[in-house]
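Worksheet for the structure shown next.
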There are 2 protein chains.
Amino acid sequence: MSHETTQGGAEPASRRKTSTPGHYAKGVAKREAILDAALPVFGQAGFHGASLREIARQCGVSHQSLMHYFPTKDELLLAVLRRRDERLRRHFDDAGGMRLGELVALAEYNVEVPGVIQLFNTASAESTSPDHPAHDYYADFYDRIVASTTTYLRTAASRGLLAPGYTAESAARVVLAVQDGLQVQWLYDRDAVRVADLMRLVISTVVTVPLDSLDELIAGQPGEGATEN
Amino acid sequence: MSHETTQGGAEPASRRKTSTPGHYAKGVAKREAILDAALPVFGQAGFHGASLREIARQCGVSHQSLMHYFPTKDELLLAVLRRRDERLRRHFDDAGGMRLGELVALAEYNVEVPGVIQLFNTASAESTSPDHPAHDYYADFYDRIVASTTTYLRTAASRGLLAPGYTAESAARVVLAVQDGLQVQWLYDRDAVRVADLMRLVISTVVTVPLDSLDELIAGQPGEGATEN
DNA sequence: GTCTATAGTTAGATAGAC
DNA sequence: GTCTATCTAACTATAGAC
């Protein structure tokens, strides 16, 4: 229940609140503060381990005030995830597909924002269970990021720019897997793992032209989509 | 608390049990049944989301009987993890290091055992928090598997068998990251992701000789350890 | 079986912002 | 005066542990 990805729309009568939050300036700011506080708590303790009272304490609001803005724990988690993944999701529908340069840039940025990587990995791992509140969210997320990255690499594939044995999709899955896997390693040993550097290295091994050239190539000349990969 | 990775040794007096379980044949079997039941529950719900009563129900023992065999939830989780990772840990101290063929073989085996991959990914993700009961366990696990795989690849590196730009350690980290990342993708789309196949593909891109040849090469002739990689 | 702690959630009333 | 924000209080369920 409550797996709705659409925010608006008709709510079940049982869950309708007496007042609608977020319309006053004060409320908007507090909503943001709650999301900021919730991010590291969900990241460190996971969904079940995190408590709403702890999150409320972290940002100095009362427990009941928190529930005024996010009437259920599920909705709070989804709101945090949506805000976190926003930068990536913006590119899901890009014409040329998800640029690899964007993935690397995001990896470079993420290591500067404490808790973001931890949230993503914890949430994506525990969401593999079908009854997890964020299951549908992440199932859709992976579907779309794989599809988008595959679209991007199809142009390269049709020009023979991929290493032997790779299809556009397998290359996309490998690059995304490397990113996720390295982020976990980074959480255990932040000095020894350079996520973005290793991603660039892998990309340079899988794609036989420099990353910048590939971005420009795909942006400038849309692939003629010859071979189906 | 209770982050001990060593099993034996002096226990705190407060936690000493009145009788030691697992010495009678019946107790040994029951212990195994509990571990079998605990694996998928921890994997699906995570550490905090899993309940001892649910685990006990799954294997038909009483809640208090379970607590006789595993006096605390922390210890139960660690016992499950140790048994799950046993096959990999066996190779941590191998002379030539962790063979890549072993990693691929394990990946091939894991997709046949429901819950094992889910447990590993959930536990390794949430254990990145320093206060998680399995934090020390997984910090040590990653240390050793990276070191062991690096040792294995050092021989290849010293003979110039790695793709341009790779050191033994970076190659090891990439291969391990690909494995972990693909396993998450596999949990979301089991038909679309062939973990072992993609691992072989990546290995063939990073190491410039066939995997079988590399295993034989390293087993037969220990590397002269020329260049420090 | 009991105990203690804490979880998420709900109801209602009051005070404040628009 | 209406909508929003916040607070006090309580409920029900379940957790791990003894």
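Computed over heavy atoms, backbone and side chain alike; hydrogens, waters and symmetry mates excluded. Note that this is a predicted model, so its numbers are computed, not measured. The chains referred to below are lettered A, B, ... by the order of the sequence lines, with proteins before strands, and numbering in each begins at 1.
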Tell me: [atom1] of [X] to [atom2] of [N], nearest whole Å?
X: L77(A); N: dT9(C); atom1: CG; atom2: P; value: 12 Å
X: Q64(B); N: dA17(D); atom1: CD; atom2: P; value: 14 Å
X: K73(A); N: dT6(C); atom1: NZ; atom2: P; value: 15 Å
X: M67(A); N: dA11(C); atom1: CE; atom2: P; value: 12 Å
X: H68(A); N: dT9(C); atom1: NE2; atom2: P; value: 16 Å
X: R57(B); N: dA15(D); atom1: CZ; atom2: P; value: 8 Å
X: L52(B); N: dG16(D); atom1: CG; atom2: P; value: 4 Å
X: L66(B); N: dA15(D); atom1: CG; atom2: P; value: 13 Å

Check: Is it true that atom CZ of R194(B) has more than 12 heavy atoms of other residues, nucleotides or ligands lying nearer than 6.0 Å?
Finding: no
Item checked: Cation-pi check, R87(A) onto Y109(A) ring (under 6.0 Å, within 45° of axis) -> yes
Check: Are K30(A) and Y69(A) in a cation-pi setup, meaning NZ or CZ lies under 6.0 angstrom from the ring centre and within 45 degrees of the ring axis?
Finding: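 Not satisfied by the 6.0 Å and 45° rule.
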When you measure from the side-chain N and O atoms of [X] to the phosphate of [N], is any distance below 4.0 Å, counting only OP1 and OP2?
X: S51(B); N: dA15(D); result: yes
X: S62(A); N: dT6(D); result: no
X: Y69(A); N: dT6(D); result: yes
X: T72(B); N: dA17(D); result: yes

Next item on the list: Between E54(B) and V61(A), just flag the one whose closest nucleotide in DNA chain D comes earlier from the 5' side.
Entry: V61(A)
Note to self: What's A29(A) touching, base or sugar-phosphate or nothing? Going by heavy atoms closer than 4.0 Å.
What the structure shows: nothing
Next item on the list: With heavy atoms under 4.0 Å as the rule, sort A56(A) into base, sugar-phosphate or nothing.
Entry: nothing
Notebook entry, point to check: For G46(B), does its backbone N or O pair with a side-chain atom of T122(B) as donor and acceptor, under 3.5 Å?
Noted result: no
Notebook entry, point to check: More 5' along DNA chain C: H63(A) or R53(B), using each one's nearest nucleotide?
Noted result: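 Between the two, 5'-proximity favours R53(B).
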Notebook entry, point to check: Counting side-chain heavy atoms from C-beta on, which of dC7(D), dT9(C), dG16(D) comes nearest to S65(A)?
Noted result: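 For S65(A), the side-chain atoms sit closest to dC7(D).
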Next item on the list: Using distance alone, with no hydrogens and no angle criterion, decide if S127(A) and H135(A) have a side-chain donor and acceptor under 3.5 Å apart.
Entry: no
